[in-house]
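Report on the following structure.
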Amino acid sequence: MNFKSIISIFLIFILTFGMCSTAFAVDDIPDGYMSIYTAEDLNNIRNNLSGKYVLMNHINLSDYSEWTVIGKAGSPFSGELDGNGYSIIGLKSKRSLLGRVENAIIKNLGIVNCDIFQPEETASSNSSAGAIADNAIDSYFEKCFVSGSVQACVSVGWLDTKSYCSAGGLVGVAKNSSFIDCYNSTNLNFIYDEITSAKIGGIAGDSLGSSFTCCYSTGKIEIKHNSQISTESENIFKGGLVGFADESTALDCCYYLDNISCAIGNLQINPNGTKNLTNEEMKNQNSYIGFDFAKNWKAIPDNYPKLIIEKPFKSQKVSINYKEKIDVSRYVVGEISGFVSSNESIVDIDEDGCVCGLDVGEASITIFTKDNHIVVLNVDVSYNVWQKLIVYFFFGWLWY
């Protein structure tokens, strides 16, 4: 065997074992972290609020009809949660995932298809809500993304007591906290009777001394009075990025969809470092001055930017007719272990494993398989020609 052959074999050996070492390293748990593989693992974070945790899978919370927040006043979450690019899917909570966080680090984490439904019984007290945390104090958020809906409801009825409410896509209240490379696509809906003050924002509802860098929000914000009066109270502030901000709040390279008039609700202007964009501009990489599309962000054709760290799952568009049923096996390979619908009144899966169009509109179903695959079906339900005729000429009485 000549010298060149020996060198070639040696290089092949090094490359082979080097590649294997790298592959294993991807799944290695960082030193000092506790691994999160299941919903039960995630739930157990409440047993050690100062621990360091890392997600090793997408986490399905569809089995939890109501998630109990982790962390509260007096015993906040003060540890570190590294999502590792994975998402927590199907969160249903009255306030948030983590509740109150102090001196915490939250990074590389997605909350997908969340349903935050703050109930009316919060009326007699101050309240806040957000997908990740309702209150964030002296905490750090990096590369976090959220989608779904956040609804805050304050209804005091006959009570004389008025209330305060703060709601945001990521957090309700941010105090001395930092947000870097984060985005929000949750829709925020606020319903009220009487209220002292409300602060509703795409990223955060209320900001005290916090900073926001390279963030964007595309979520809608709707505010309604229970009496259906369209006029909003002068004490309610809504902003594309922050509902209410003090003078020490700082925003840099932050963008929001122009369906909202201002970046910060109480200022009613776009301060330096913020800009509203049309839907088309939001889908154009060139609109995001200051974003690092080499290290942190990636452009998606005809869509909003995503974070490079995001662990993808299969997504597919599906069009069906009202009352139509389609076998889910058309879109999913493997045995289904669970699913969650973003709007069960529009689309759902029945006991026979069929996707059902229950009402006209758009909704998504996130499907989990036993081999840990995830498929998201973005379903558009519409009337066929005969159904349109029945609706228009017979008011739909044949099936309503």
Side-chain angles (χ1 to χ4, degrees), residues 96 116 118 126-136 141 144-152 154 164-180 182-192 195-225 230-279 281-282 287-288 290 304:
S96 55
I116 307 300
Q118 196 175 71
N126 296 341
S127 60
S128 53
I132 299 178
D134 50 62
N135 277 271
F141 298 80
C144 295
F145 52 100
V146 298
S147 69
S149 65
V150 175
Q151 176 171 294
V154 175
Y164 159 86
C165 179
S166 181
L170 273 71
V171 302
V173 177
K175 183 177 181 181
N176 300 326
S177 295
S178 300
F179 298 79
I180 301 173
C182 297
Y183 73 85
N184 165 64
S185 56
T186 62
N187 293 321
L188 292 106
N189 186 18
F190 177 65
I191 304 172
Y192 73 102
I195 193 164
T196 301
S197 178
K199 303 167 184 180
I200 317 295
I203 303 294
D206 195 0
S207 170
L208 305 170
S210 294
S211 63
F212 304 82
T213 306
C214 295
C215 298
Y216 79 81
S217 177
T218 58
K220 298 178 181 178
I221 298 178
E222 296 184 356
I223 299 176
K224 297 179 181 179
H225 194 283
S230 60
T231 304
E232 294 177 9
S233 167
E234 62 181 11
N235 293 321
I236 296 179
F237 304 94
K238 68 175 181 179
L241 296 166
V242 178
F244 191 100
D246 65 0
E247 294 180 356
S248 58
T249 292
L251 296 99
D252 187 30
C253 305
C254 291
Y255 305 89
Y256 68 98
L257 197 58
D258 66 356
N259 57 1
I260 303 167
S261 61
C262 58
I264 301 177
N266 59 309
L267 297 181
Q268 290 295 305
I269 59 172
N270 282 337
N272 292 336
T274 68
K275 187 176 182 181
N276 61 344
L277 302 172
T278 65
N279 194 49
E281 290 172 331
M282 293 290 288
S287 300
Y288 295 86
Y304 310 121

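It should be emphasised that the depicted structure is a prediction, and the values quoted were computed from it without experimental measurement.
Using a distance-only test at 3.5 Å, with no hydrogens or angles considered, no donor-acceptor pair links the side chain of Y216 to the main chain of L241. The backbone N or O of C165 sits nowhere less than 3.5 Å from a side-chain atom of S128 that would complete a donor-acceptor pair. A donor-acceptor pair under 3.5 Å is formed between the side chain of S177 and the backbone N or O of K175. Of the possible polar contacts, none joining the S210 side chain to the S207 backbone as a donor-acceptor pair under 3.5 Å is found. A side-chain donor-acceptor contact under 3.5 Å links S166 to the backbone of D206. No side-chain donor-acceptor contact under 3.5 Å links D258 to the backbone of N276. N279 places no side-chain N or O within donor-acceptor distance of the main-chain N or O of M282, the cut-off being under 3.5 Å. With hydrogens and angles disregarded, no donor-acceptor distance shorter than 3.5 Å links the side chain of N270 to the backbone of K275.
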Exercise for the section: Tell me, with the steps shown, if F145 and N184 meet side chain to side chain contact (heavy atoms under 4.5 Å, CB included). Expected result: CA-CA 6 Å; F145 52 100; N184 165 64; over 6 Å; no
Exercise for the section: Kindly indicate, with the supporting measurements, whether the criterion side chain to side chain contact (heavy atoms under 4.5 Å, CB included) is fulfilled by K220 and N259. Expected result: CA-CA 7 Å; K220 298 178 181 178; N259 57 1; 3.6 Å; yes
Exercise for the section: Could you give me the CA-CA distance, side-chain angles and deciding distance for Y183 and Y304, then say whether ring pair (Phe, Tyr, Trp, His ring centres under 6.0 Å) is met? Expected result: CA-CA 10 Å; Y183 73 85; Y304 310 121; 8.7 Å; no
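C182 contributes atom SG, which lies 7.0 Å from atom CD1 of I203 (distance to the nearest 0.5 angstrom). Of the inter-residue distances, the one linking T218 atom OG1 with N187 atom CG reads 8.0 Å to the nearest 0.5 angstrom. With rounding to the nearest 0.5 angstrom, the OG1 atom of T249 is 9.0 Å from the CG atom of L267. Atom OG in S261 sits 11.5 Å away from atom CD1 in I269 (nearest 0.5 Å). In this structure, CD1 in I180 is found 8.0 Å from SG in C215, a value given to the nearest 0.5 Å. Here the straight-line distance linking atom NZ of K199 with atom CD1 of I264 works out to 12.5 Å at 0.5 Å rounding.
Here the closest non-hydrogen pair linking S248 and G209 is OG-CA, 3.2 Å. Closest of all the heavy-atom pairs between F237 and S197 is CE1-OG, 4.4 Å. Taking each heavy atom of I260 and G240 in turn, the nearest pair found is CG2-N, 3.6 Å. Summarising the geometry of A136 relative to V171, their closest heavy-atom pair is CB-CG1, 4.3 Å, with the distance given to 0.1 Å. Contact record, A129 with I116: CB-CG2, 4.1 Å, taken as the closest heavy-atom pair. The shortest heavy-atom contact between L170 and C144 is CD2-CB, 4.3 Å.
Looking only at side-chain heavy atoms (C-beta outward), I223 and K238 come within less than 4.5 Å of each other. Side-chain contact between V146 and I132: present, with at least one pair of heavy atoms (C-beta onward) separated by less than 4.5 Å. In this structure the side chain of L277 never reaches within 4.5 angstrom of the side chain of Y256, judged on heavy atoms. Between L188 and E222 the shortest side-chain heavy-atom distance does not fall below 4.5 Å.
Ring geometry, F212 versus F179: the interplanar angle falls under 30°, so the pair is classed parallel (tilted spans 30 to 60°).
The closest side-chain donor-acceptor pair between S96 and D134 falls under 3.5 angstrom.
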